[in-house]
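Below is one structure; the comments refer to it alone.
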Amino acid sequence: MIKDKLKSVVETAVQKAIAAGKLGALSALSTPIVIEKPRLAEHGDLACGVALKLASAVRSSPLKIAEAIAADISVPEIDVSRFEVAAPGFINFRLGTGWLCESLKEISKLGADFGRSNLGAGQKVLVEYVSANPTGDLHIGHGRGAVYGSCLSNLLAFTGHEVEQEFYINDTGEQIAQLGRCAWACYQRKLGQTVDYPEGGYPEVSIVQFIETVIGKQGDQHLNLSAAEGEQKLAELTKEVIIDWQRKLLLQLKIEFNCWYSELSLHERGAVEAVLEQFSQRGMSYESEGALWLKAKELGDERDRVLKKSAGNTTYLAADAAYHLDKFKRGYDRLITIWGADHHGQVPGLKAAVEALGQDPEKLEVILTQIVNLQRDGQMVRMSKRMGTVVTLDEVMEEVGADAVRYYLAESNPQNPINFDLELAKQTSRENPAFYIQYAHARCCAILRRALEPTPNAESGRAEQPLLSPEQWAEYLKEYQSNASVFEPLFDLDSHVFIHQKSLIMRLQDFCEEVEEAMLARMPGRLARYAYDVANDLQRFYESCRVITSEPDVTKARLGLIVATRQVLANVLGIIGVSAPERM
RNA sequence: GCGCCCGUAGCUCAGUGGAUAGAGCCCCCGCCUUCUAAGCGGGUUGUCGUUGGUUCGAAUCCAACCGGGCGCGCCA
């Protein structure tokens with residue numbers, strides 16, 4: 001990559017300058033060399049600010065240092081057409097077309113693997129997310145966690161990690177008992193019985209569709225059960241229906257888990273009791289007021305936490321400790337747990353529990369996602385669970401489509417609350433980035449079709465022969481991958497056109513770096529915005545420059561650029577899980 | 001009261017210690033004989049919540065304060 005190359009060029013120059021005693025008392029490079037893209041075009045294509053960072057160590061002005069370094073820089077003209085020192089001490093480089101062509105060749109060669117890295121090679125990561133209770137609908141907040149977790153997983157996989165995705169099902173305990181009471185009542189009512197619906201439970205509107213499914217499958221055969229048996233039976237049946245429904249809904253969002261991990265299974269095989277025993281053996285728990293407590297305060301929590309209540313049942317924390325211990329034992333190098341921000345109070349407790357069990361809490365990364373406000377035309381959509389006016393995730397998907405849901409939920413940073421505008425998400429214009437990016441991909445496809453498929457003549461109406469035969473096209477594709485100079489004719493002498501051509505290619509080349517940065521920052525949303533930038537650069541190129549021209553070499557080179565652009569768009573859309581349509 | 005997150009253009013938001021803080025929307029002006037105008041170009045818009053500190057350099061790091069959200073249970 002050109003940045004790496006320039007970095008080592010500058011590094012060599014600095015070493016030379018040091019050896020020649022031009023950098024005062026400095027004996028070794030004290031700061032990493034960073035090559036960055038200047039904001040302003042007049043500052044060149046790439047720049048290095050190392051002289052500014054060295055100023056205090058060298059005890060000289062950044063400008064003089066930059067000049068000393070620049071005097072020792074040597075680069076082939078094919079890489080850099082020129083470079084200069086600018087105040088207050090930057091060294092600015094202008095790229096030659098050779099490197100731009102080299103980038104396009106690289107993209108063509110790597111194809112779907114362009115941008116992939118091995119940063120995470122050998123790292124096994126478990127990403128746990130969604131983990132909604134199987135007691136009703138999913139809402140847009142679950143959707144956010146789901147999309148974020150999925151994008152992050154894709155991104156980790158794309159950067160070489162071995163990724164597994166897991167959904168933790170809270171399929172036991174008080175919320176399931178409550179589901180049982182509501183489901184049993186709803187079941188009886190649907191089958192013509194007059195019974196009261198439990199007060200303060202899950203709203204009937206939110207579970208009735210699942211009860212209908214249960215009745216559809218099993219009819220009224222459970223109607224004669226006692227209340228206790230009925231509640232248990234209906235809890236079991238409804239839970240399964242809901243889990244199945246959640247699975248199908250998430251699948252529509254292109255989210256598929258390697259494992260749906262049952263909390264109940266932890267209890268059934270004694271893992272929760274076992275973990276309590278471990279706390280005790282390690283001297284990390286004690287009894288007080290009839291309950292069993294974790295010494296969480298010793299490990300950074302604000303106070304101790306109850307593991308087992310005086311009533312004899314275990315807390316959520318106890319099961320979570322058992323679950324996370326199981327994760328550690330399964331041998332992952334890193335555990336990522338994604339929770340809604342309303343659970344942030346539990347993070348120190350979980351970390352303490354993990355540490356108390358002798359595991360490294362540093363390996364456990366808890367990422368919190370903030371709330372999603374639903375809007376319509378800029379107006380807040382008011383929701384109340386009690387009033388039954390909650391807009392569910394499936395309703396949003398129904399209205400705006402899975403791609404728009406994914407894009408908007410993927411685009412933001414998880415720690416920021418977001419406004420999701422239903423009307424905006426449906427728009428088919430530039431205002432809607434999801435649409436705009438897909439449109440750019442479709443436009444690339446349209447140009448390629450134009451060159452490769454017969455098109456009807458505007459005047460005669462007869463189909464004209466395509467510009468290129470399949471054989472010629474196959475030959476072109478081979479050349480794109482093997483010969484960088486095939487791209488050289490694409491550039492225009494007119495600097496207004498050239499700027500757009502260069503911007504697009506440099507943007508495509510940026511993908512690798514964007515991927516790595518997004519992964520390290522755990523912000524897949526950056527790639528969504530990057531995709532928008534690619535789309536924008538493509539549009540500008542398209543407006544200023546024709547791809548299919550009367551000159552075969554130029555056409556060949558520009559078709560190569562379109563293929564590369566389409567490829568990068570497809571790769572980035574793949575990570576954020578938005579489809580890349582060929583026509584719109 | 002304590003803890004976590006947030007505060008950047010009229011609105012929605014980017015901005016990982018570097019050059020003159022950016023994009024979209026909104027508003028105004030241009031542009032369709034030409035590969036998708038579902039578009040493009042140009043113009044206007046700022047006490048980066050406030051005050052201090054660190055630094056050659058701060059929207060970015062530190063401290064205090066102000067404003068908003070969330071959490072502080074033997075609930076899940």
Side-chain angles (χ1 to χ4, degrees), chain A residues 34 36 38-40 42-43 47 49-53 55-56 59 61-62 86-90 92 133 135 170 173-176 178 263 288-293 301-303 305-317 319-320 340-348 368-371 373 375 378 411-419 421 424 427-433 435-436 438-440 442-451 455 458 467 496 500 517-518 520-521 523 525-526 529-530 532-533 536 539-549 555 558-559 562 583-584:
Chain A
V34 180
E36 57 196 347
R39 265 198 302 272
L40 275 82
E42 66 207 62
H43 294 143
V50 71
L52 296 154
K53 293 197 164 56
S56 61
R59 293 169 165 275
S61 85
F90 287 98
N92 297 333
N133 292 341
T135 55
N170 300 127
E174 177 49 33
Q175 75 279 13
I176 294 299
Q178 172 123 299
E263 180 189 352
S288 172
E289 301 166 57
L292 183 69
W293 296 73
D301 203 349
E302 54 188 10
R303 60 153 194 287
R305 305 276 173 180
V306 172
L307 292 164
K308 190 172 193 172
K309 302 177 224 171
S310 54
N313 51 338
T314 52
T315 59
Y316 187 92
L317 174 62
D320 235 18
D342 52 340
H343 290 89
H344 83 248
Q346 297 165 41
V347 177
L368 304 172
T369 60
Q370 293 287 337
I371 65 161
N373 297 307
Q375 295 192 333
E411 181 240 16
S412 61
N413 294 330
Q415 77 272 16
N416 291 334
I418 52 169
N419 299 311
D421 196 300
L424 175 59
Q427 285 193 25
T428 56
S429 70
R430 182 173 180 163
E431 291 162 61
N432 180 351
F435 171 83
Y436 186 70
Q438 291 182 310
Y439 184 72
R443 173 166 271 169
C444 291
C445 295
I447 295 169
L448 294 172
R449 274 197 300 275
R450 182 75 183 200
T455 41
L467 187 67
H496 293 288
H500 296 308
E517 285 176 1
L520 291 171
M523 289 181 179
R526 287 184 182 196
R529 288 189 292 272
Y530 167 76
Y532 184 81
D533 291 336
N536 203 356
Q539 295 291 13
R540 292 199 177 127
F541 164 81
Y542 176 87
E543 288 295 327
S544 63
C545 172
R546 287 195 63 81
V547 174
I548 296 167
T549 69
T555 303
R558 290 185 182 163
L559 283 172
I562 294 301
R583 292 170 199 271
M584 293 181 80

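Naming convention: chains lettered A, B, ... in sequence-line order (proteins, then strands); numbering from 1 in each chain.
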My understanding is that only residues two or more places apart in sequence, or in another chain, count here; which of them pass side chain to side chain donor-acceptor pair (under 3.5 Å) with A/Arg443? A/Tyr439, A/Gln539

Pairing residues for A/Asp320 by the side chain to side chain donor-acceptor pair (under 3.5 Å) criterion, not counting sequence neighbours: none

What pairs of nitrogen or oxygen atoms, one from the protein and one from nucleotides 11-13 of chain B, lie under 3.5 Å apart?
| residue | atom | partner | partner atom | Å |
| --- | --- | --- | --- | --- |
| B/U12 | O3' | A/Asn419 | ND2 | 3.3 |

According to salt bridge (charged side-chain N to carboxylate O under 4.0 Å, His left out), who are the partners of A/Asp342, at least two apart in sequence or on a separate chain? none

With side-chain contact (heavy atoms from CB on, under 4.5 Å) as the criterion, how do A/Arg450 and A/Ile548 come out once you've worked through the C-alpha distance, each side chain's angles and the decisive distance to 0.1 Å? CA-CA 9 Å; A/Arg450 182 75 183 200; A/Ile548 296 167; 3.6 Å; yes

Examine distances only and state if a side-chain atom of A/Gln175 and a backbone atom of A/Asn133 form a donor-acceptor pair shorter than 3.5 Å. no

Using the rule for Phe, Tyr, His and the six-membered ring of Trp, do A/Phe90 and B/A19 stack at under 5.5 Å and under 30°? yes

Can you give one letter per nucleotide of nucleotides 31-41 of chain B, going 5' to 3': B for a protein heavy atom under 4.0 Å from the base, S for sugar-phosphate only, - for none? ---BBBSBSSS

Could I get the full list of salt bridge (charged side-chain N to carboxylate O under 4.0 Å, His left out) partners for A/Arg526, not counting sequence neighbours? none

Toss me the dot-bracket line for RNA chain B: Watson-Crick and G-U wobble, both under 3.5 Å, 5' to 3', using | for pairs to another strand and [ ] for crossers. (((((((..((((....[...)))).(((((.......))))).....(((((..]....))))))))))))....

A/Thr369 side chain to A/Pro414 backbone, donor-acceptor under 3.5 Å: no

Expected string for nucleotides 69-76 of chain B under the B/S/- scheme (protein heavy atoms, under 4.0 Å, primed atoms plus P, OP1, OP2 as sugar-phosphate) is -BSSSBSB

Distance-only, no hydrogens or angles: does the A/Arg583 side chain make a donor-acceptor pair with backbone N or O of A/Ala446 under 3.5 Å? no

Under 3.5 Å, N/O pairs linking protein and nucleotides 59-62 of chain B:
none

Quickly work out the A/Tyr530 OH to B/A23 P distance and round it to whole Å. 18 Å

Applying side-chain contact (heavy atoms from CB on, under 4.5 Å) to A/His344 and not counting sequence neighbours gives A/Leu368

Any donor-acceptor N/O pair, A/Thr315 side chain to A/Lys308 backbone, under 3.5 Å: no

Residues in side chain to side chain donor-acceptor pair (under 3.5 Å) contact with A/Glu174, at least two apart in sequence or another chain: A/Arg181

Would you please name every residue forming a side chain to side chain donor-acceptor pair (under 3.5 Å) with A/Tyr532, sequence neighbours left out? A/Arg430

